[in-house]
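Written out below as C-alpha cells is the structure these notes cover.
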Amino acid sequence: MKVLVVDDEQLVRRSLARAFRLKKYEVIEAEDGKKGLELWIEHKPEIVVLDVLMPGLSGPQVVSERGPQSESKVIMISAYSGEHDVTTITGEGIDLFIPKPFDDIFKVVERIEEVAGVR
Amino acid sequence: MDIESRTDQIDNSKVLWVSPTELTSHLFDHMQSSGFSVIHHKSFSHLQGELKSGSFSLLFLDWNLGADVIAEVLNFVKQASVSVGVILLIEELGPGQLQKFVNNYAPFDIIIKPIDKDHLLNASNKAYRRYLANENRKSLILKFREQNDKLEELTFGLEQIVHERTLNEEKSKKQAEEKLNHVRSLVRFIKELAFTNTVDDWILLFRKSLKSFSSIRQPILCYATPDRKMNVVYMQKQQVVERQTEELIKQRSRIITDSEEDRHFLANFFGRPFGKIISIPIFLSNIYSSSEGFSSVLFIEHGMDDKDVQGFLDYLSDRLQPLQISLERILLEYQLRYTSYQWASTFDGLAEPIAIVDFDYNLIRSNKKFELTDSGSKCFKRFNDSDESCRGCPVKRALKTGRPQKAQIKRGDSYFEVQSYPIRVGDNTKLTAVINYYLDMTQALALRGRVIQNEKMAAIGLLAGNIAHELNNPLTGIRSLSQVLISTIQEQQVRDDLKEIEVAAERCQNIIDNLLSFSNSEETRTKTKVEMSDIVKKTLPILKTAMRDHNVGIELSSEEIMIEVEIQLFQQVIFNLINNACQAMEDGGELIVETSKQGSEAQFLVRDTGPGIPPEILSQIFEPFFTTKEEGKGTGLGLSMSRSVIESFGGRIEVDSQIGTGTTFKVLLPIYSGDAN
C-alpha cells in the first residue's frame, strides 16, 4: 500500500513517513505541492497526506488539480486550523482533516487507516 | 405865662378883702396903684362861688369877722383846694386861738392893725409871689399829670403792640419750627430710604412713616416683575411676606380711592373683603415696565374720613417720589444681583475650570472648578497651589502675540489643556488680561494610553500568533519523530532521552497554544461563559518565567465557578496581577494565587510578600501612567487597564497592602447564573 506524504516541514514529513513505514507502508515523500502532484499522478497512492500551506501549490490546490478521477484517500493536515475556511479543508475530494500539532503520531496514523478502510 | 415877669409886674390882680370895716382910701389907692384890684366885702356869705372860680389871687380876712366865720372860710378854702393866698388882719398878737389857726390853716401872712400901707403892700407882694409860685406849681403838677396820663396812655398802647407782636412772633416761630420739623423728618425719611436694600426693608420703613395715621392698616405693595408676574408684598404677624400672582394690574397714572376693581383684586388675592382703599401707582423704570400695560401699585387699606384722606395724601405727596426712586433702585439691584448670580452660577456650573488672569498672573475672576485653594492672589497659587507659574503657561505668549494660545499643564495627577484668549480689561487699549479655559485631558490621555496599549497588545498578539504557527510545525515534527523513534529504539537510555525531548516539545506546544488563545482572535472578543479556575490555569504557563524565583502556592477552587468575561482581557488581568506581584518581590518571596466563591461573587486572589505599597500612593495605583517600576519595565497602565476591564465585567478590584508584609489584590466578579445549563 502506497502513502504519499506532501509537507514542506521536513520533520513532520519524516516522522509521518517513519510511522507509516513502521507499519509496512510504501511511503513516497514530496516537499512541495507541485512535486506532490507529479508523484500523485505518477504513483497513484492509496493514501495522500497533504499539508495545507506550502510554497507553490497549496494542499487544496493540489487536490483540485488532481481532480475527482483520483481514487486516493486524501488527508489534510494544518497548523493554521483556526484561520482557514473550513470548506477548503473539508471540501470535495478531502476525506479527513487533522490539525497540527499532533499529540501522538501513531494515533494520527491509526485515524488515517480508519478512513482508508485498512483497519 | 412867664412866672418871673409876673413877680416884677403885678397886673390887675384881683384881691378879695373881707372885713366889717371899710378899707381906707389911701390904702385902697396904694394897692390899686401897685396893680392890685381890691374888692371889699363886709361878710363872707355868697363868696364861696367867686372864690371857687379861682379869680382871686389874695384873700384878706379880718379877725373881727369872728373866729367861727374865719374857721369856716379857711376850711372851705382848704377842702375845696381854692387857689388863693390868705392873709389874716388882726388887732394884736394874742396867744391861743390864733396860734391854732396859724397851725391849722397856714395863712400866707398876718398883718397887725393898724395897717401900715407899705407893710400891707409888702405883705401883699410877698403873698402874691407865693400865690403865683403855688399857682405855677399847681399848673406844672397839672401839666405833669396830664403828660403822665398821656404817657401812661402811650405806654399802654405800646405794651399792647408789643404784646401783639410777641404773640405773632411766637406764632410764626412755632410755624417755622413745624416747617423745620417737617423738612427734617422728610430728610430723615429720604436718608433711611437710601439705606434700604430689600423690598422688605422698604415696606417696613414705609409702614413706620405712617405711624401717625392711626386708622391706616398695613400697606400692600404690588410690583410687576420682568417675567410679567405680580409680586405682592405685605405684612403678616410682623413679618414681611412676598407672594406671586399671575393676575396683573392694568396701567394707571394717578392716585384713586376706593376702586372697585382694586378691591376685587385684593379680595381675590387675600381671600377676605376689603374696605376703603387708596391705590397709589408706583412708576418704575423700563425693567419693571409699566409701558407693557400694567402698573405697580401701593395699596393702603384704611378707615379715614375724606378730610383725613386729604391730609394723608398731602403728607404722602413729599414722600412719594423718594419712595418710587428707592424702590426702583432696590428692584434694579435685585435685577443686577440676579443677572450677576446667573453669570456666576453659569461659570460655576461649568465642568471645566475657567479664569480671567492679568499679565502678572493675578487672578481677576474664576469659577469654583478653577480653585484648588482659596488663598493667594496669583492664578498658579489658586489653581495649582504652587509658588511659580505653571510649566508651559500660555498667558505671556497670548498677551505678547495678541492671539489665543494653547498649552498643556499638569495639576497634581491631572492634565489640562489650557486655552488663553487675550482680552482688554476696563479702559485699556492694550491687551492686559486673558481668559483661560482649561480642559481636563486626564481621562482622554488615559484613554489614548489605553488605546495605544491595546494596539500594542494586538500587535504583539498578531506577532505571537505568527511565531506560534511557525513554531507549531517543527514542534509537531520534533514530537512526532521522538514518538516514532521511541517506538523503534530498544536502548533504554536513548528512549529516556527521546522521551525528554518529546515532553519538552509537548510543553512548547502547550505554551504556544496558550499564547495563541491569549493574544489571538476575534472570537474571544465577546463575553463568554467560562470557568474561572480554568482560565487561571491556562494563563499560568506564560507566567512561568515571572514566577520562577518565587515560592508559588496555587489553590484553585475545585468547585466550578462560572463567570462571564472576555477571555483574552481577563487573562491580561490575571497576567498583570501575578506579574506585578512577582516583580514586587525582587529578592524572592511567597506568591499565593487562589480562586474561590465569596457569596455571590467569584474571587481571584493574588497575594505577595513584597515590601507593600505606601499608603500615600495607594489611592493612585489604579491611575493611568502611575508606576513605581524603573523605566522600560512598566507602562503604568497595567492596573488601570485591569480595573477598567474588571469594571466592564461588572466587577471590582480591591487592594490591601501592609508595609513590610505584602500586598493582596482581589478581583471580584459576579458569578454567572443567567444560564442554568
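Order of the sequence lines sets the chain letters (A, B, ...), proteins ahead of strands, with each chain counted from 1.
- Residues Leu22(A) and Ser487(B) meet the side-chain proximity criterion, which asks for heavy atoms closer than 4.5 Å.
- For the pair Pro101(A) and Leu475(B), the minimum side-chain heavy-atom distance is 4.5 Å or more.
- For Ile478(B), the parts lying under 4.5 angstrom from a heavy atom of chain A are both the backbone and the side chain.
- Salt-bridge formation is detected for the pair Asp103(A)/Arg479(B): a Lys NZ or Arg NE/NH1/NH2 atom is positioned less than 4.0 Å from an Asp or Glu carboxylate oxygen.
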Which pairs of donor and acceptor atoms, one on a side chain in residues 493-501 of chain B, lie under 3.5 Å apart (sequence neighbours left out)?
| from | atom 1 | to | atom 2 | distance (Å) |
| --- | --- | --- | --- | --- |
| Arg495(B) | NH1 | Ile486(B) | O | 3.1 |
| Arg495(B) | NH1 | Ile489(B) | O | 3.2 |
| Asp496(B) | OD1 | Gln492(B) | NE2 | 3.0 |

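- To the nearest 0.5 angstrom, Leu481(B) atom CG is 10.0 Å from Leu16(A) atom CG.
- When side chains are defined from C-beta on, Thr488(B) counts as touching Arg18(A), because their heavy atoms get closer than 4.5 Å.
- Minimum heavy-atom separation, Phe106(A) to Val484(B): CZ-CA, 3.6 Å.
- The number of heavy atoms from other shown groups lying within 6.0 Å of CZ (Arg507(B)) does not exceed 12.
- Within 6.0 Å of CD on Glu564(B) lie more than 12 heavy atoms contributed by other residues, nucleotides or ligands.
- Residue pairs meeting the ring-ring contact (aromatic ring centres under 6.0 Å, His included) criterion with at least one partner in residues 10-38 of chain A, sequence neighbours excluded, are Phe20(A)-Tyr25(A).
- Other residues, nucleotides and ligands place no more than 12 heavy atoms under 6.0 Å from the CD atom of Glu71(A).
- Sparse packing is recorded around CZ of Arg14(A), with 12 or fewer heavy atoms of other residues, nucleotides or ligands lying under 6.0 Å away.
- With contacts defined as side-chain heavy-atom distances shorter than 4.5 Å, the pair Gln483(B)/Ile105(A) qualifies.
- With sequence neighbours excluded, no residue forms a side chain to side chain donor-acceptor pair (under 3.5 Å) with Glu46(A).
- Contacts with chain B (heavy atom to heavy atom, under 4.5 Å) involve these residues of residues 2-11 of chain A, listed by number: Glu9(A), Leu11(A).
- There is no contact between Glu506(B) and chain A, counting heavy-atom distances below 4.5 Å.
- Taking OG of Ser480(B) as the reference point, atom NZ of Lys107(A) lies at 12.5 Å (rounded to 0.5 Å).
- For the atom pair CG of Asn472(B) and OG of Ser78(A), the computed distance is 9.5 Å after rounding to the nearest 0.5 Å.
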